[in-house]
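Everything quoted here is computed from the prediction, not taken from an experiment.
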Amino acid sequence: MKTQSSAIAPAPIAVSTPSASRSAGTLQAALGVVAFSLTFPATAWGLEGFGPWSLVAVRSVLAALIAGGCLLAVGAPVPARRHRAGLAVVAAGVVIGFPLLTTLALRTSTTAHAAVVVGLLPLTTALLSALRMGTRPSRTFWLAALAGAGAVVAFTVQQSGGALSTADLYLFGALLVCAAGYTEGGRLARVMPGWQVIGWALVLCLPLSVPAAAVALAHEPVALTGHSVAGLLWVAAGSQFLGLVVWYRGMAAIGIPKASQLQLAQPLLTLVWSVLLLGEHLTPAAPLTAAAVLVCIAVTQRARG
C-alpha cells in the first residue's frame, strides 16, 4: 500500500513589511489631510444656516453618534483608566477647542486666510510632540519644517498686510489646542486602534455636547439650506470622525513629526476648495507658496527622525 510521504506545504502567509506599513501609513495620513482641507469650506457653508455655537455643538453630537454606533457594533472595550486623561486632551483639543475657535474665526475671516494661518499646525504639532514624547527629529527635518512654516507665515503676512485680527487670535489658539490633541491622539493610537481614539473622545464629550446643542439651537436662528446641511454633515462625518480615523492611524504608522508635515499641504488644498466651492479669489503668491511647501514636505518625509 502506497503511503503519502510528505505533508502538503501550507500556503504562504502574507506579512506586511515595514516599508509597506510606512507606505500605508503615509497614504492614510494623506487621506486625513484631504478630509481636513475641506473643513473650512464646509464650515463656511454650515455658517450659512447655523450659528457658530450651534454648528460646533451639533457636529459634535452627530459625530459622536456615528462613532458610538461603530464602537457598539464591534464591541470595543472601554479604554483603560490610564488612557482616559489622554482621551480628555484629544476631546478638549480636537472635538471642542479647534472646531469652536476656527468656527468663531470664520465669522469674520475668509477660508483662504484661515487656511494659511492654520498652516503652522504641522510645526506646532512637531514641537509639542518633541516636548511630550521626547522625539528627536534630525536637523534636516527641523530646517525643512521651519522653512515650510516660514513660507506659510510669509504668505499670511502678505495676505493680511501685516495686521493681526481677532480672527487670527482665535486661529492661533486653535493651533495650540489642536496640536495637543493630535499629539495625544497619535500617542494613544500606538496602543489602541486609531479610530477608537477619536471615537471614545467624541463619546466622552456627549454629556457636554448634547445640552450645548440644545441651548445653542434655542438661542441661535437656524435656516436650513442645501449648503448648510451639506457643510454640517461633512464637518461631522468627514472632518470630525472619518478624517481623524485615518489621520491617527497614519500617525501611529509613520510617527507624529513626519505625519504632521504632510499637513503643510492642507492650506494649499483648502485654497483650491475655497476657489471651487466658495468662489474666493487667490493672489499670485499662492502658486509660489504651494511649490515651496511641497518641496518642504518632500524633504521632511525623507529626513530621518
Side-chain angles (χ1 to χ4, degrees), residues 29 32-44 46-47 50 52-64 67 86-109 111 113-129 132 152 166-189 194 197-202 204-205 208-209 212 216 231-232 234-248 251 256 259-260 262-264 266-267 269-270:
V33 170
V34 173
F36 299 153
S37 72
L38 281 161
T39 300
F40 286 173
T43 300
L47 287 172
F50 295 90
W53 297 91
S54 299
L55 182 61
V56 172
V58 173
R59 73 180 272 185
S60 179
V61 171
L62 291 178
L87 286 172
V89 174
V90 175
V94 177
V95 179
I96 298 174
F98 185 80
L100 178 59
L101 292 172
T102 53
T103 300
L104 291 172
L106 285 171
R107 292 181 304 168
T108 56
S109 172
T111 59
H113 181 81
V116 292
V117 174
V118 175
L120 292 175
L121 182 57
L123 182 59
T124 309
T125 302
L127 286 170
L128 288 186
S129 171
R132 175 69 177 86
V152 170
T166 301
D168 291 319
L169 297 179
Y170 283 135
L171 292 169
F172 286 132
L175 286 176
L176 294 176
V177 297
C178 188
Y182 280 172
T183 300
E184 285 302 307
R187 183 183 66 82
L188 289 173
V197 173
I198 185 57
W200 284 114
L202 286 163
L204 183 65
C205 287
L208 294 175
S209 58
L232 172 63
W234 179 258
V235 293
S239 304
Q240 193 85 75
F241 182 61
L242 297 177
L244 285 167
V245 167
V246 292
W247 174 245
Y248 281 139
M251 282 200 296
I256 295 174
S260 69
L262 287 174
Q263 246 183 339
L264 283 169
Q266 183 175 323
L269 288 172
T270 300

Original post:
Does Ser54 have any side-chain hydrogen bond (donor to acceptor under 3.5 Å, both in side chains) partners at least two apart in sequence or in another chain, and if so, which?
Top reply: Glu220

**OP:** Just jot down the ring-ring contact (aromatic ring centres under 6.0 Å, His included) partners of Tyr182, sequence neighbours excluded, or say none.
**Re:** Trp247

**OP:** Please name all residues satisfying side-chain contact (heavy atoms from CB on, under 4.5 Å) with Ala180, sequence neighbours left out, ordered by chain then number.
**Re:** Val89, Leu128

Original post:
CZ of Phe40 to CG of Leu106: how many Å apart, nearest 0.5 Å?
Top reply: 5.5 Å

**OP:** Measure the spacing between CG of Leu169 and CG of Leu104 and express it to the nearest 0.5 Å.
**Re:** 12.0 Å

Original post:
Is Thr270 reaching over with its side chain to a backbone N or O of Ser37, donor-acceptor style, under 3.5 angstrom?
Top reply: yes

**OP:** Go through Glu184 and Val197 one step at a time and tell me if the side-chain contact (heavy atoms from CB on, under 4.5 Å) criterion holds.
**Re:** CA-CA 9 Å; Glu184 285 302 307; Val197 173; over 6 Å; no

Subject >> Where Pro52 and Arg107 come nearest, the two heavy atoms and their spacing >> reply: CG-CD, 3.7 Å

**OP:** Only counting residues at least two apart or in another chain, list the ones meeting side-chain hydrogen bond (donor to acceptor under 3.5 Å, both in side chains) with Ser239.
**Re:** Thr39, Trp234

Original post:
Looking only at heavy atoms, which two atoms of Leu101 and Ala174 are closest? And how far apart?
Top reply: CD1-N, 3.5 Å

Subject >> CE on Met251 to CG on Leu244, rounded to 0.5 Å >> reply: 8.0 Å

**OP:** Applying side-chain hydrogen bond (donor to acceptor under 3.5 Å, both in side chains), name anything that partners Thr124, two or more places apart in sequence or on another chain.
**Re:** none

**OP:** Apply side-chain contact (heavy atoms from CB on, under 4.5 Å) to Trp53 and Thr103, showing your working.
**Re:** CA-CA 8 Å; Trp53 297 91; Thr103 300; over 6 Å; no

Subject >> Test log, rule side-chain contact (heavy atoms from CB on, under 4.5 Å), inputs Val94 and Tyr248 >> reply: CA-CA 12 Å; Val94 177; Tyr248 281 139; 3.6 Å; yes

**OP:** Find out whether Leu62 and Leu232 are in side-chain contact, i.e. whether some heavy atom of one side chain is under 4.5 Å from a heavy atom of the other.
**Re:** yes

Original post:
Closest approach of Ala42 and Val235, non-hydrogen atoms and distance?
Top reply: CB-CG1, 3.7 Å

Subject >> Side-chain touch Asp168/Leu171, heavy atoms, less than 4.5 angstrom >> reply: yes

**OP:** Locate the shortest heavy-atom distance separating Phe98 from Cys178; write the atom from each residue and the value.
**Re:** CD1-CB, 3.4 Å

Original post:
Can Phe172 and Leu120 be said to form a side-chain contact (heavy atoms from CB on, under 4.5 Å), step by step?
Top reply: CA-CA 9 Å; Phe172 286 132; Leu120 292 175; 4.0 Å; yes

Original post:
For the residue pair Ala167 and Ser109, what are the closest heavy atoms and their distance?
Top reply: CB-CB, 3.8 Å

**OP:** Taking side-chain contact (heavy atoms from CB on, under 4.5 Å) as the test, write out the residues that go with Pro99, two or more places apart.
**Re:** Val56, Arg59, Gln240

**OP:** Of all the heavy-atom pairs spanning Val95 and Cys205, show the shortest one and how long it is.
**Re:** CG1-SG, 3.7 Å

